[in-house]
Amino acid sequence: MSPKTFHQIVLRERPVAEFLPKTFESKTKAFDELHVGKQQALVQVTYLSLDPAMRGWVRDVRSYLPPVQIGEVMRAGGLGVVISVGESSKFKKGDLVSGMFGWTEFAVMNDHALTKVSPPPGSTALDFLNSLGAPGMTAYFGLHDVGQLKAGETLVVSGAAGAVGSLVCQLGKRAGARVIGIAGAVDKCAWLENDLGVDKVLNYKSPTFHDDFKKAVGYLDVYFDNVGGEILDLTLSRLNRNARIVLCGAISAYNSQKPRGLTQYTSLIGQRAKMEGFVVFDYAKQYPRAIKEIGAGLADGSIKRKFHIVEGLQNAPSALPMLFAGTNTGKLVVKVSDEPRISAKL
């Protein structure tokens, strides 16, 4: 039996700095407002991904995606199950799919906006929000296509305990590099060294961090930047000739009204180095290559991951700031529902 109502969470106002309780608001919608058209499917959302990029999505500025508008469902990728299909849809009831559903319990989606999920051996559907999803693709193509990492080089990774950073570290080791991670908690540093095999992990909150960094790194060949700010500036002073800086994120500056500028950028000239940004969606046609390699690592246990699961769509707004405070311990996701037990006919 179909529910009478369902819930969505929309953007109420644009945050000036940190996300606040008043940034979002919950809406109750009538289930019979959902109408499935030709080449569309109705999806019951099971999990949603929480990502640092979401801070950028609510800024009213020009970017790779248009900003979420006031009153719109908050944008988010997720997993779900098809519970009804329209005429000529390529999906069938019961299909497990991924898509940009947003913060909602149900969504009517165009076929072209959905991807059928078939977990390879050794993986689960939830991995498609992590190692086999956008974080994994970001790590893989950022490191290999932008960073052009080679065996024997020194790789430094900030945000190393995060979903992207932890996989970058592991892919770096697989490529034969010396890998140095940067994280902000003792337990995270220990996990990276003891469980993931990172050569050295530095705690950026340590009072001796700058000296520790210089001693441990020496000079670097590839820096995978997830944080920006002061740490990016520090790495610019420790570049080998022809070093590559991969600009993936700047989480230290996302909530700042006046982000700190760089002072060491002229070292790029003398070291013939480069900084390059990228957007993972540009590599969509190449995802199968990355999924195959990462999937093999998940299957044989050589690639590890962990999740931090928050229960209930209503808790998404309070969970999102965890990313910026560094209090999550693994890929942060929201469990919206169990797999559906209803039968919807629209």
Side-chain angles (χ1 to χ4, degrees), residues 1-11 24-51 53-54 57 64-120 123-130 132-134 137 279-288 291 312-314 316 333-346:
M1 182 176 179
S2 302
K4 293 182 179 180
T5 61
F6 69 102
H7 297 96
Q8 298 179 330
I9 296 177
V10 304
L11 181 65
F24 303 102
E25 63 179 332
S26 180
K27 297 285 189 180
T28 300
K29 308 286 287 187
F31 191 79
D32 60 14
E33 292 180 14
L34 297 170
H35 301 286
V36 182
K38 187 175 182 180
Q39 295 182 335
Q40 290 185 325
L42 173 62
V43 177
Q44 179 172 334
V45 180
T46 53
Y47 287 92
L48 290 169
S49 177
L50 299 184
D51 301 285
M54 298 171 84
W57 294 345
Y64 62 94
L65 288 175
V68 178
Q69 297 299 309
I70 302 298
E72 282 188 347
V73 173
M74 180 59 194
R75 180 183 295 141
L79 298 172
V81 177
V82 173
I83 58 174
S84 181
V85 296
E87 179 186 352
S88 302
S89 174
K90 65 181 180 181
F91 295 98
K92 65 180 185 298
K93 184 177 176 180
D95 280 347
L96 179 62
V97 293
S98 63
M100 295 295 284
F101 306 122
W103 284 2
T104 183
E105 294 176 325
F106 294 89
V108 174
M109 304 290 292
N110 293 322
D111 277 7
H112 66 77
L114 295 173
T115 301
K116 187 173 180 179
V117 171
S118 300
S123 69
T124 68
L126 203 53
D127 285 314
F128 281 84
L129 296 185
N130 191 7
L132 301 179
M137 303 303 99
V279 175
V280 69
F281 304 135
D282 296 343
Y283 293 91
K285 292 182 179 179
Q286 301 181 57
Y287 285 178
I291 290 173
L313 177 64
Q314 73 277 9
V333 298
V334 174
K335 183 178 180 180
V336 179
S337 71
D338 294 319
E339 290 198 6
R341 300 174 182 175
I342 65 172
S343 176
K345 295 181 179 180
L346 298 179

Between Phe281 and Tyr64, how do the two ring planes meet: parallel, tilted or perpendicular, split at 30° and 60°?
-> tilted

Of all heavy-atom pairs between Ser49 and Val333, which one has the smallest distance, and what is that distance?
-> CA-CG1, 4.4 Å

Heavy-atom donor-acceptor pair, Asp127 side chain to Leu132 backbone, under 3.5 Å | no

Just how far is it from atom CE of Met74 to atom OG1 of Thr104, taken to the nearest 0.5 Å?
-> 13.5 Å

Side chain to side chain contact (heavy atoms under 4.5 Å, CB included) filter on Lys92, not counting sequence neighbours, yields Asp95, Lys116

Just by modelled atom types, is the Gly37 backbone N or O under 3.5 Å from a matching donor or acceptor in the Gln39 side chain?
-> no

Does Val45 offer a backbone N or O that forms a donor-acceptor pair with the side chain of Ser337 under 3.5 Å?
-> yes

Rounded distance [0.5 Å steps], CG in Leu313 versus OG in Ser26 | 7.0 Å

Before giving the answer on side chain to side chain contact (heavy atoms under 4.5 Å, CB included), spell out for Leu34 and Phe6 the whole-Å C-alpha distance, their side-chain angles and the decisive distance to 0.1 Å.
-> CA-CA 10 Å; Leu34 297 170; Phe6 69 102; 3.8 Å; yes

Here the salt bridge (Lys or Arg N to Asp or Glu O under 4.0 Å) pairs for residues 74-85, sequence neighbours left out, are none

Qualifying residues under side chain to side chain contact (heavy atoms under 4.5 Å, CB included), relative to Asp282, sequence neighbours excluded | Val279

How many angstroms lie between atom OG of Ser123 and atom CG of Asn130, to the nearest 0.5 angstrom?
-> 11.5 Å

Under the side chain to side chain contact (heavy atoms under 4.5 Å, CB included) rule, collect the residues that match up with Ala134, sequence neighbours excluded.
-> none

Only residue of Leu114, Val81, Ile83, Leu96 satisfying side chain to side chain contact (heavy atoms under 4.5 Å, CB included) with Val43 is Leu114

Ser98: partners by side chain to side chain donor-acceptor pair (under 3.5 Å), with sequence neighbours left out | none

Roughly how far apart are Leu79 CG and Lys335 NZ, rounded to 0.5 Å?
-> 12.5 Å

Across all chains, not counting sequence neighbours, the side chain to side chain contact (heavy atoms under 4.5 Å, CB included) partners of Leu11 are Arg14, Thr23, Phe24, Val58, Val68, Ile70

Val10 and Glu72, any side-chain heavy atoms less than 4.5 Å apart = no

Is a side-chain donor or acceptor of Ser89 paired with a backbone partner of Gly86 at a separation under 3.5 angstrom?
-> no

Output for pair (Met109 CE, Phe91 CZ), nearest 0.5 Å, gives 9.5 Å

